[in-house]
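Just below is one structure, and these are the notes that go with it.
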Amino acid sequence: MSSEENKSLNFIEAMIEEDLKSGKHNGRIQTRFPPEPNGYLHIGHAKSICLNFGLAKKYNGKCNLRFDDTNPVKEDVEYVDSIKEDIRWLGFEWEDREYFASDYFDQLYEWAKLLVKKGLAYVDESSADEVAATRGTPTVPGKESPFRNRPVEENLDLLERMKSGEFPDGSRVLRAKIDMASPNMHMRDPVMYRIKHAHHHRTGNKWCIYPMYDFAHGQSDFIEGITHSLCTLEFEVHRPLYDWFLDNIIEDSDVNAKRTHQTEFARLNMNYTVMSKRLLLQLVKENHVDGWDDPRMPTISGLRRRGYTPESVRNFAERVGVAKRENTIDVGLLEHCVREDLNKSSQRIMGVINPLKVTIENYPEGKSEDLDAVNNPEDENMGTRKVPFSRNLFIEQDDFMEEPPKKFFRLAPGSEVRLRYAYFITCKKVVKNENGEVVELICTYDPESKGGNSPDGRKVKGTLHWVSAEHAVESEIRLYDRLFEKENPYDTKEGETFLDNMNKDSLKIVTGYIEPFIKDATMNHYQFERLGYFYRDRKITGEKPVFNRTATLRDSWAKIAKQ
RNA sequence: UGACCCGUGGUGUAAUUGGCAACACGUCUGAUUUUGGUUCAGAAGAGUCCAAGUUCGAGCCUUGGCGGGUCAACCA
């Protein structure tokens, strides 16, 4: 708390503190997170969630969850449920403040009638094409609709009949009467209601006219007493309309205490991925990924299944900051945040992903012994475990080179390394198949070096992870990489789409050999020593346990090897 | 050629009443290490889009450029 207070404020916090000081809203802070239930939440939403809920928490206010469900043809309860699950998983709580824009449909309709009576709204019988054609362009003013100056009574009658289902979809709309010549396109008589004979996930068949976003959002904020309505930059041009509706609808005398204001901030963009619900939906529908929660997806559910922790995502949102400038953050920052969290907390185990047989020729056949291994060097309280050693082992193929470069500290013909928590071994012989590929290493071990230290003080440069072949548990390992090859997936050649930039190797499934500890282990997150963080995927149920790679460990050897 | 918003190391975010441009990620050294992980110590990297103005002093204020973004769904 105290460290938080010393940090500099982002521009929204600064504004809130100003408001608090000036006594605006009587010191009350109320925010809201307003998703449309037409897709799954992604990391960009996580930024918004952390912002809205975080601000409420910091300033002793409340944050509502409100579903912006004004378009029944795109929305679904599946999405409502997933959204709630994701917000809870992130660690935020909206208590009983779960609202739907559709809760306000009756009130919204009354307000629509009010605007009609004030001569500020009219029923337009133009087609969608006509409305579009007469809207003008940013530099050319629009033309007024021939229906614009109908008498109030006629508008009222028509609106009522629209509501009662008398007219087919698209035949009429209710429009605000503002200014067809406004330089702001959104003020050129925006549509308030359209006819959609569609079933709504909440209101069923009660309505066949539905309010547009602009006619619903500000009023919903007002109804809920939102003090700070935060949204992304592209809604900036909507703000005059947000204000216009509120100004013309609210008749309350103490309107200023209740008045809500929209503030825009820059949305989150991240490299090597896409962050649009439309494109994410396309990836799902066209089966380029395995559902919304595919661990390669930037969705919250995908990150969860990948093994990200709520803590790490919140931390990420904090570090990313809030401003009005377009930004693209490096996915490396997200990875850094999980590593930071998982390093402190995760159980270490040894597992070999790309096995190379090692036979310890001077270790008795049939013998095995249990050696002590530390569960988490960052947390002594996590204790130790036993890991079995025997004559036949697997090590990682990458940990052996027949002709090693100078800085290679691992196993090579004649070299000695430590097997973690076990013994020093020396490579005596390399066995190859008819293709010349190394298939087995014949090694000797130093019985004096049990546990990993030699009494004569001999040092070795390398320490390898390993697993006893006969004791190892086979498992399915899913190695994930970035979904797109290019930093900017939209950077395409003529005739290509973002799909052409997909990384064909974003998922590799291999068999891993894990130390037997895993059989009874109940944790979800593990660090496979020297390899990375892995998450037990319980959604996939088969004979073998499945592990998703959350992130690799930082690998300074990989950098050296590249040179 | 309209309106609105935004330009600070490679990336992201700071710099409170104008006062030595800071922090994080990344990068590079070195130390420690039974994970080439972690940790620790250090370094490089921007003179704040450009120009003029105000000022003792401008990233911050003014003016004019330049560059980028958003807006013309009966989507949100």
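Note that these values count all heavy atoms, side chains included, but never hydrogens, waters or copies made by symmetry. In what follows, every chain begins at residue 1, and chains take the letters A, B, ... in the order their sequences are listed.
Side-chain contact annotation: A:T260 with A:Y242, donor-acceptor N/O pair under 3.5 Å present. Side-chain atoms of A:E311 and A:T309 include no donor-acceptor pair closer than 3.5 Å. Side-chain contact check for A:Y533 and A:E335: no donor-acceptor pair (N or O, by modelled atom type) lies under 3.5 Å. Residues A:R530 and A:H465 have side chains that bring a donor and an acceptor to within less than 3.5 angstrom of each other. For the residue pair A:E224/A:Y104, the side-chain donor-acceptor check at 3.5 Å is satisfied.
The NZ atom of A:K344 sits 19 Å away from the C1' atom of B:U35 (whole-angstrom rounding). Separating the CG atom of A:L233 from the P atom of B:A3 is a distance of 19 Å, rounded to the nearest angstrom. Between A:N343 atom CG and B:U33 atom P the separation is 18 Å, expressed in whole Å. The CG-C1' distance, from A:L334 to B:U13, rounds to 16 Å in whole Å. Going from atom CG of A:L51 over to atom P of B:U13 covers 13 Å, rounded to whole Å. As a whole-Å value, the separation of A:N327 CG from B:G7 C1' is 13 Å. Rounded to a whole Å, the CG atom of A:N376 is 14 Å from the P atom of B:U38. Rounded to whole Å, atom P of B:U35 lies 7 Å from atom CZ of A:R418.
The residue among A:I329 and A:L419 whose nearest nucleotide of RNA chain B lies closer to the 5′ end is A:I329.
Residue A:N184 is out of contact with every strand shown, counting any heavy-atom pair closer than 4.0 Å. Nucleic acid contact class of A:V322 (heavy atoms, under 4.0 Å, all strands): sugar-phosphate only. Contact annotation for A:I560: base contact, defined as any heavy-atom pair under 4.0 Å involving a base atom. Using a 4.0 Å heavy-atom distance criterion, A:R348 is classed as a base contact. Within 4.0 Å (heavy atoms only), A:F408 reaches at least one base atom of the nucleic acid. As judged by a 4.0 angstrom heavy-atom cut-off over every strand, A:P240 is placed among residues making no nucleic acid contact. Among the protein residues, A:E264 comes within range of no part of the nucleic acid, since none of its heavy atoms lies under 4.0 Å from any strand.
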Fill in the blank from the handout: Read 5' to 3' with Watson-Crick or G-U pairs under 3.5 Å, [ ] for crossing pairs and | for partners on another strand, RNA chain B gives .((((((..((((.....[..)))).(((((.......))))).....(((((..]....))))))))))).....
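Two rings, from A:Y423 and A:F389, have their centers less than 6.0 Å apart. Ring to ring, A:F408 and A:W557 are close: their centroids are under 6.0 angstrom apart. Note: A:F215 and A:Y193 meet the aromatic proximity criterion, with ring centroids under 6.0 Å apart. Taking the centre of each ring, A:H200 and A:F105 come in below the 6.0 Å mark.
Counting atom types as modelled, A:E236 pairs no side-chain N or O with a base atom of B:G69 as donor and acceptor under 3.5 Å. Side chain A:R410 to base B:G36: a donor-acceptor pair is found below 3.5 Å.
Spacing of P atoms, B:G45 relative to B:G9, comes out at 15 Å, to the nearest Å. Remark: the separation of the P atoms in B:A24 and B:A31 is 23 Å, to the nearest Å. Here the separation of B:C49 from B:G10, taken at their P atoms, is 13 Å to the nearest Å. With P as the reference atom, B:U11 and B:U29 are 22 Å apart, rounded to whole Å. On the P atoms, B:C60 is 12 Å away from B:G7, given to the nearest whole Å. Only the C1' atoms considered, B:U13 is 14 Å distant from B:U48, to the nearest whole Å. When the C1' atom is compared between B:C40 and B:A76, the two are found 50 Å apart, to the nearest whole Å. When the C1' atom is used for both B:A14 and B:A3, the distance is 31 Å, rounded to whole Å.
A:Q527 pairs in a side chain to side chain contact (heavy atoms under 4.5 Å, CB included) with only one of the listed residues (A:L342, A:L553, A:N376), which is A:L553.
Judged by the 6.0 Å and 45° rule, A:R150 forms no cation-pi pair with A:Y122.
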What's touching nucleotides 72-76 of chain B from the protein side, N or O pairs under 3.5 Å?
unit_1: B:C74; atom_1: OP2; unit_2: A:R135; atom_2: NH2; d: 2.8
unit_1: B:C74; atom_1: N3; unit_2: A:G170; atom_2: O; d: 3.4
unit_1: B:C74; atom_1: N4; unit_2: A:S126; atom_2: O; d: 3.1
unit_1: B:C74; atom_1: N4; unit_2: A:A128; atom_2: N; d: 2.9
unit_1: B:C74; atom_1: N4; unit_2: A:G170; atom_2: O; d: 3.0
unit_1: B:C75; atom_1: OP2; unit_2: A:R194; atom_2: NE; d: 2.9
unit_1: B:C75; atom_1: OP2; unit_2: A:R194; atom_2: NH2; d: 2.8
unit_1: B:C75; atom_1: OP2; unit_2: A:K196; atom_2: NZ; d: 3.2
unit_1: B:C75; atom_1: O3'; unit_2: A:R194; atom_2: NH2; d: 3.1
unit_1: B:C75; atom_1: O2'; unit_2: A:N71; atom_2: ND2; d: 3.1
unit_1: B:A76; atom_1: OP1; unit_2: A:T70; atom_2: OG1; d: 2.6
unit_1: B:A76; atom_1: OP1; unit_2: A:R194; atom_2: NH1; d: 3.3
unit_1: B:A76; atom_1: OP1; unit_2: A:R194; atom_2: NH2; d: 2.8
unit_1: B:A76; atom_1: OP2; unit_2: A:Y213; atom_2: N; d: 2.9
unit_1: B:A76; atom_1: O4'; unit_2: A:E36; atom_2: OE1; d: 3.4
unit_1: B:A76; atom_1: O3'; unit_2: A:D68; atom_2: OD2; d: 3.3
unit_1: B:A76; atom_1: N6; unit_2: A:H238; atom_2: NE2; d: 3.1

Any protein N or O atoms within reach of nucleotides 19-26 of chain B? Criterion: under 3.5 Å, listing atom names and distances.
unit_1: B:A24; atom_1: O2'; unit_2: A:R319; atom_2: NH1; d: 3.3

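Classification of the A:F547-A:Y526 ring pair by plane angle, with boundaries at 30° and 60°, yields perpendicular.
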Problem - Chi angles and distances behind the side chain to side chain contact (heavy atoms under 4.5 Å, CB included) call for A:I477, A:L479 - result: CA-CA 6 Å; A:I477 308 287; A:L479 304 171; 3.7 Å; yes
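Looking at A:I514 and A:F528, their side chains come closer than 4.5 Å, going by heavy atoms from C-beta outward.
Using a 90° window around 0 for the glycosidic torsion, B:G47 falls inside it and is classed as syn. In B:A73 the O4'-C1'-N dihedral to the base is within 90° of 0, which defines a syn nucleotide.
Considering only the side chain of A:T139, B:U1 comes nearest among B:A14, B:C71, B:U1. Relative to the side chain of A:R420, the nucleotides B:U35, B:A14, B:G36 differ in distance, and B:U35 lies closest.
An OP1 or OP2 oxygen of B:G37 is reached within less than 4.0 angstrom by a side-chain nitrogen or oxygen of A:S556.
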